[in-house]
Amino acid sequence: MEIAIPIFLLLLVLLTALAAFNIQWNVFLKAYHRGTRGERHIALTFDDGPHPVYTARVLEMLKEHGVRATFFCIGSRVAQHPELVWQLHDEGHTIGNHSFTHSPTIDFHSAAEWLEELRRTDGALAAVIGHCPLFFRPPYGVTTPHLAKAVRRSGHLAIGWRVRPYDTLKRTTERIVGTILNKVKPGDIILLHDTHDRIVPVLERLLPELKKRNFKLVTVDQLIKRHAYAQI
């Protein structure tokens, strides 16, 4: 019995950690990870921007290919680069909440601290685009009971993903694109980042190939058929 209890506690800790780091499990927080499989619609999403260099270049690529995407923005960066946020909105892209600080220790926040992160980012975005976002993507894709409590209070919809090529790691363009093309299915949400120098080469190869495969790229609100912004 003395040995069994520590083993049980260790397993409980491991399972809790796995649940926290796997947003797709929907353990602490229900999230949307895809739309319907009935249509060949998929959604490109970009986290961690706006970036003063790469977001503008991503926008150029999307405009060139006639594609609209969804950008989950960090509130502090919204305050630093409001002109880029306005451009995102003006060009028809959907904008979501990705916390205000995205700090390395954000997953240890209390519910009250999480609520402050959400509200500050909502306020920063509303000040620029005149709309309060309903979509929220947890930083690092990590969920906790405290975060879940805050999201219930704020009324946000959590957005996950089905395809994650880990593009922020030191992976080649070929590997990033290959991972997406090997995994993507109709209805999927793809996670990318508009914050690094490989994102433009990735899009240069990825967008034409997705079109060849008859995928239609839409925003997350179009994919899951939910409003992206609070109704006034």
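The analysis underlying the following values was restricted to heavy atoms, covering all of them including side chains, and did not include hydrogens, waters or symmetry mates. Heads up: numbering here begins at 1 and tracks the sequence. Given the structure is predicted, the values throughout are model-derived calculations rather than measurements.
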If we ignore hydrogens and angles and just use 3.5 Å, is the side chain of [X] paired with the main-chain N or O of [Y] as donor and acceptor?
X      : Y      : result
Thr172 : Arg175 : yes
Arg213 : Leu181 : yes
Gln24  : Trp161 : yes
Lys216 : Lys211 : no
Arg171 : Pro165 : yes
Arg198 : Asp167 : yes
Arg164 : Ile190 : no
Tyr140 : Ile106 : no
Asn182 : Thr179 : no

When you group the ILVMFWY residues by side-chain heavy-atom contacts below 4.5 Å and let the links chain together, are [Y] and [X] in the same group?
X      : Y      : answer
Ile199 : Phe72  : no
Leu59  : Val220 : no
Met61  : Leu84  : no
Leu134 : Phe100 : no
Ile129 : Phe135 : no

Flag if over 12 foreign heavy atoms under 6.0 Å of CZ, Arg57: no
Heavy-atom neighbours of Arg162 CZ exceed 12 at 6.0 Å: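 Check passes, neighbour count above 12.
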Ignoring hydrogens and angles, state whether a donor on the side chain of [X] or [Y] is under 3.5 Å from an acceptor on the partner side chain.
X      : Y      : result
Thr55  : Asp194 : yes
Asp188 : His33  : no
Gln222 : His41  : no

On a heavy-atom basis, which atom in [X] and which in [Y] lie closest, and how many Å separate them?
X     : Y      : answer
Ala69 : Thr219 : O-CG2, 3.5 Å
Gly49 : Thr195 : N-CG2, 4.1 Å
Asn26 : Ala31  : OD1-N, 3.2 Å
Pro50 : Val85  : CG-CG2, 3.8 Å

Among Pro139, Pro138, Ser110, side-chain contact (heavy atoms from CB on, under 4.5 Å) partner for Leu147: Pro138
Report the distance from atom [atom1] of [X] to atom [atom2] of [Y], rounding to the nearest 0.5 Å.
X      : Y      : atom1 : atom2 : answer
Cys73  : Asn97  : SG    : CG    : 9.0 Å
Ile23  : Thr143 : CD1   : OG1   : 6.0 Å
Ile42  : Leu223 : CD1   : CG    : 9.0 Å
Asp47  : Leu192 : CG    : CG    : 9.0 Å
Glu117 : Ser103 : CD    : OG    : 6.0 Å
Glu204 : Glu64  : CD    : CD    : 8.0 Å

Ring-face cation of Lys30 near Tyr32 (centre distance under 6.0 Å, axis angle within 45°):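 Flagged: Lys30 positioned over aromatic ring of Tyr32.
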Check against side chain to side chain contact (heavy atoms under 4.5 Å, CB included), Lys185 and Arg37: CA-CA 8 Å; Lys185 294 180 175 62; Arg37 298 289 194 196; 3.5 Å; yes
His65 and Leu207: CA distance, side-chain angles, deciding distance, side chain to side chain contact (heavy atoms under 4.5 Å, CB included) verdict: CA-CA 7 Å; His65 289 271; Leu207 295 177; 3.6 Å; yes
With the side chain counted from C-beta on, respond yes when [X] and [Y] share a heavy-atom pair under 4.5 Å apart, and no when they do not.
X      : Y      : answer
Leu157 : Arg226 : yes
Phe136 : Val151 : yes
Val128 : Pro82  : yes
Ile159 : Ile224 : yes
Tyr229 : Ile95  : yes
Val67  : Val218 : no
Phe215 : Pro186 : yes
Val53  : Asp197 : no

Residue pair Ile74, Thr101: steps toward the side chain to side chain contact (heavy atoms under 4.5 Å, CB included) verdict: CA-CA 7 Å; Ile74 297 173; Thr101 64; over 6 Å; no
Worked verdict on Arg137 versus Thr45 for side-chain hydrogen bond (donor to acceptor under 3.5 Å, both in side chains): CA-CA 10 Å; Arg137 175 169 283 162; Thr45 66; 2.8 Å; yes
Side chain to side chain contact (heavy atoms under 4.5 Å, CB included) assessment of Ser154 paired with Leu115: CA-CA 7 Å; Ser154 69; Leu115 201 57; 3.9 Å; yes
His146 and Phe28 aromatic centres sub-6.0 Å: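 Between Phe28 and His146, which both carry aromatic rings, the centre distance is not below 6.0 Å.
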Check: His109 ring centre within less than 6.0 Å of Trp114 ring centre: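 When the ring centroids of His109 and Trp114 are compared, they turn out to be within the sub-6.0 Å range.
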ring-ring contact (aromatic ring centres under 6.0 Å, His included) partners for Tyr54, two or more places apart: His51
Asp122 and His156: CA distance, side-chain angles, deciding distance, side-chain hydrogen bond (donor to acceptor under 3.5 Å, both in side chains) verdict: CA-CA 10 Å; Asp122 284 351; His156 287 86; 2.9 Å; yes
Listed once per pair and sorted, the side-chain hydrogen bond (donor to acceptor under 3.5 Å, both in side chains) pairs that draw on residues 73-94, sequence neighbours left out: Gln87-Glu91, Thr94-Asp221
Partners meeting salt bridge (Lys or Arg N to Asp or Glu O under 4.0 Å) with Glu174 (sequence neighbours left out): Arg205
